[in-house]
Trainee: 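Please see the structure below; I have some questions.
Chain letters run A, B, ... following the sequence lines, proteins first, then strands; residues in each count from 1. Side chains are part of it too, since the values below use all heavy atoms of this structure and drop only hydrogens, waters and symmetry mates. Small disclaimer: the values here were computed from a predicted structure and weren't measured.
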There are 4 protein chains.
Amino acid sequence: MGVLDRKNRDRLLRKTDILKAAEHIFALKGYDKTTIQDIAGKAQYATGTVYLYFKDKNDLYCSLLEEKLKALLVKIKEKIGQSEDAKEKLDIFLEKEIEFFRENKDFFRILVSETNGPRFDIGLRISKSCVFREYSEHVSALVKMAQQKGTIRNDLYPAQIADIFRSIFKSVIIDWLRNKPQKPGDAEKISRFILDIFLNGVGRKTKVISIV
Amino acid sequence: MGVLDRKNRDRLLRKTDILKAAEHIFALKGYDKTTIQDIAGKAQYATGTVYLYFKDKNDLYCSLLEEKLKALLVKIKEKIGQSEDAKEKLDIFLEKEIEFFRENKDFFRILVSETNGPRFDIGLRISKSCVFREYSEHVSALVKMAQQKGTIRNDLYPAQIADIFRSIFKSVIIDWLRNKPQKPGDAEKISRFILDIFLNGVGRKTKVISIV
Amino acid sequence: MGVLDRKNRDRLLRKTDILKAAEHIFALKGYDKTTIQDIAGKAQYATGTVYLYFKDKNDLYCSLLEEKLKALLVKIKEKIGQSEDAKEKLDIFLEKEIEFFRENKDFFRILVSETNGPRFDIGLRISKSCVFREYSEHVSALVKMAQQKGTIRNDLYPAQIADIFRSIFKSVIIDWLRNKPQKPGDAEKISRFILDIFLNGVGRKTKVISIV
Amino acid sequence: MGVLDRKNRDRLLRKTDILKAAEHIFALKGYDKTTIQDIAGKAQYATGTVYLYFKDKNDLYCSLLEEKLKALLVKIKEKIGQSEDAKEKLDIFLEKEIEFFRENKDFFRILVSETNGPRFDIGLRISKSCVFREYSEHVSALVKMAQQKGTIRNDLYPAQIADIFRSIFKSVIIDWLRNKPQKPGDAEKISRFILDIFLNGVGRKTKVISIV
DNA sequence: CATGAATGAGTGTTCATTCAT
DNA sequence: GATGAATGAACACTCATTCAT
């Protein structure tokens, strides 16, 4: 059993090595311009080794997305359950994603280039992924809850609002990762900024009074 | 003169044939998976013919984007000058873009996949394009004006707001083109919807009183 | 008749135009790198026009060589008959060739690259040419006569001596055309130089006494 | 160590296979008409295999020339140092080259077609080669020494004499390889023949008395 | 299991040649 | 006859995938 364990552990280690290398190269060059040799070389393995762990190039790519998305989901779900407030949940969601993407810029790049807009299918190598669907539905569920709690207008389809939510998020994060120095407290600030725009829009208001 | 005219017209016709075919295939398969033979075949020409009108694959692709963007810009500028009101200008901008993209779904697909988020640079074959820059700046200028007129908060960078504006737009249009039947009056309705979300956000408000 | 004459003359004029352009381009780029469009363009004709005067690329190339060789032969034969002395004939031959090649550097280039050594057949597009054979035989005849008159050793095959003769010539002319400014009196001097080396070699002799 | 050795040896073997095939095809068809598929086919490899050993077609071609020239130089230098006499050195040089070219007719063909006359530059893919320069300079040095020792007239530029020397050599070898059956003792005889013509020319002399 | 050399189908691009105008 | 746009075969080179060691 110990032997099997080590085998499994070794196998996992190699897979992780390769995925890490793939992440970097795919982010740098995009799917088509990336070669398996690039990845194998970066991971310090032989070309053929990659095929011991992944069926083909596409499988490697999708596995990469799945693994990372899964990790992102775990991170999000972990904290988000601790709050009951809808707005707070959205806030936590944003903060966790921001943290995650700051630590995984390459993955962010890939994800952005992969999801050319939400649920869009040009070359959507990812679309069949259960994790991706789970991720999408998780955001939709957040929105739905916020609608039920009165935080978000309920005259709109949750899925569409979720799309808009994520597209604003994407836009702001791209700007942040590209043009700003990333500082420790950023996650919180940016999260508030996005939520503000998402909930209140960018229109100029002098005063807003909630009557209810 | 008549002869030259006909020649030029013929030349233009062929170029347009090829561009039309290219638009379709590029939208369907993406840049890398598209072959010149695909395009030539679709346009009913021989492979070599494409090279009589375009230097190489990249030139064909960029020409396609430029031509379309130019047409889009013309369409937008035409009407937008007729209004003085900032909000109305944004509204016209949206309506015109919506109309254009409904008539040019393939181009929309390409544009979306090309601009993986605003000012993002993986494989930005388009980034050097003057027309694209002009387009970007035009949107920024719209936002800036709206800030000066008090329609949009002026505590934000115009370029960033423009990014957010376009990313909301993209998100909504993708949803519309993919999932809804496109009906005549849509442009107006969708434009209002986007503007509403953009300016007021999706937060639930019971009443808003502007004091000033 | 006059009409036919003009037609023929026109035809000849066009052929000459094309040949002149071809000469320049072939010399510049070599056979394979030269395109028919290059030549047509340089001659200010359309691509197809070339095919009205020459069957194909190879025909154009061979015609070019033939025409020029014919002209060279005419020039050589013209003067060479006026002398009876074998050495003088060789001298005239050299002078005339030198003059011709100074005025036809492009042709010289082509000829050199074509006849990679005498009677060698890698890609010898020329080898079937009657004129080329006539040219070769003419040189051989010169040598043969010089052998009979006692100017050249007669223990050697005339054709081989002719080869050596031409290869020395080629070597010296290449050097002259490439590295020296070409001056009026050169033909005579160079001719003497070549003949000297050809007949006497480059060995150092302190004194030579001819007894007979 | 043994493994690496075998790997290196295998690699060398393949390279040699390909070079051998390339040598044959290039000699047969010339650079431009030769395709990589030709070479790969002849060497019994797939097209792509060639690119494992050579960067591109030009690299293959140049490597071929370099390898062979290097081998030729080694062969020449080996024996030539053993003599002090200038004329003997020239003799050895010729003999060794003749032997080499008899064993490497294809290479000879390529070299001849590549060096369209000495220091001529149309398509000189070889000209940048250090080995080629070394080879040229080696011949010039031989001539220079022969001038100093009084074997060759010293009123001429060594480089030019070297050119003439090589062009006579080329002419004679072409004739020999093309038209004569190559017999064992040939190298010696031909070498003497070339030297004779080179030093004494082909003029008829009844008696030559050296006075000094 | 790991390797990396070998494979060969596939792509962008060129250009000799043809032919409708 | 002259044109030059159109053709499509051909070629250099790449790279995902396989498999003998």
Trainee: Rounded to whole Å, please give me the gap between CD1 in I36(C) and C1' in dA2(F).
Mentor: 16 Å
Trainee: Between atom CG in D10(B) and atom P in dT21(E), what is the gap in whole Å?
Mentor: 11 Å
Trainee: Could you list the protein-to-nucleotides 2-6 of chain E atom pairs, N/O on both sides, closer than 3.5 Å?
Mentor:
| from | atom 1 | to | atom 2 | distance (Å) |
| --- | --- | --- | --- | --- |
| dA2(E) | OP1 | R14(A) | NE | 2.7 |
| dA2(E) | OP1 | Y53(A) | OH | 3.1 |
| dA2(E) | OP2 | Y53(A) | OH | 3.2 |
| dT3(E) | OP2 | T49(A) | OG1 | 2.5 |
| dG4(E) | N7 | G48(A) | N | 2.9 |
| dA6(E) | OP1 | R14(D) | NE | 2.3 |
| dA6(E) | OP1 | Y53(D) | OH | 3.4 |
| dA6(E) | OP2 | Y53(D) | OH | 2.4 |

Trainee: Given atom NZ of K57(B) and atom C1' of dG10(E), what is their separation to the nearest angstrom?
Mentor: 12 Å
Trainee: So L69(C) and F107(C), side-chain contact (heavy atoms from CB on, under 4.5 Å) or not? Walk me through it.
Mentor: CA-CA 9 Å; L69(C) 266 179; F107(C) 171 59; 4.1 Å; yes
Trainee: Write down the atom of L64(D), the atom of A22(D), and the distance for their closest heavy-atom approach.
Mentor: CD2-C, 4.2 Å
Trainee: Roughly how many Å is it from OH in Y31(A) to P in dA16(F), rounded to a whole number?
Mentor: 8 Å
Trainee: Only counting residues at least two apart or in another chain, list the ones meeting side chain to side chain donor-acceptor pair (under 3.5 Å) with D10(B).
Mentor: none
Trainee: NZ of K33(A) versus P of dA16(F): gap in Å, rounded?
Mentor: 13 Å
Trainee: Is K57(B) close enough and on-axis enough to Y31(B), meaning under 6.0 Å and within 45°, for cation-pi?
Mentor: yes
Trainee: One thing to verify: whether K15(C) and E67(C) come together as a salt bridge, which I'm taking to mean a side-chain N less than 4.0 angstrom from a carboxylate O.
Mentor: no
Trainee: Starting at CG of L12(A) and ending at P of dC1(E), how long is that distance when rounded to a whole Å?
Mentor: 14 Å
Trainee: dT7(E) C1' sits how many Å from I18(D) CD1, rounded?
Mentor: 13 Å
Trainee: Run the numbers on I39(B) and Y45(B) for side-chain contact (heavy atoms from CB on, under 4.5 Å), then give the verdict.
Mentor: CA-CA 9 Å; I39(B) 294 171; Y45(B) 290 105; over 6 Å; no
Trainee: With distance as the sole test, does D17(A) use its side chain to make a donor-acceptor pair with the main-chain N or O of R14(A) at under 3.5 Å?
Mentor: no
Trainee: L19(C) vs F54(C), test: side-chain contact (heavy atoms from CB on, under 4.5 Å). Steps then yes/no.
Mentor: CA-CA 10 Å; L19(C) 285 171; F54(C) 303 94; 3.8 Å; yes
Trainee: Checking side-chain contact (heavy atoms from CB on, under 4.5 Å) for the pair V112(A)/F108(A): CA distance, chi angles, key distance, verdict?
Mentor: CA-CA 6 Å; V112(A) 163; F108(A) 180 68; 3.6 Å; yes
Trainee: Send over the distance from K55(B) NZ to dT13(E) P, rounded to a whole Å.
Mentor: 8 Å
Trainee: Dot-bracket for DNA chain F, please. Rules: Watson-Crick or G-U, both distances under 3.5 Å, ( ) within the strand, [ ] when a pair crosses earlier ones, | for another strand, . otherwise.
Mentor: .||||||||||||||||||||
Trainee: Need to verify one output field. Residue with the more 5' nearest nucleotide on DNA chain E, T35(C) or D56(B)?
Mentor: D56(B)
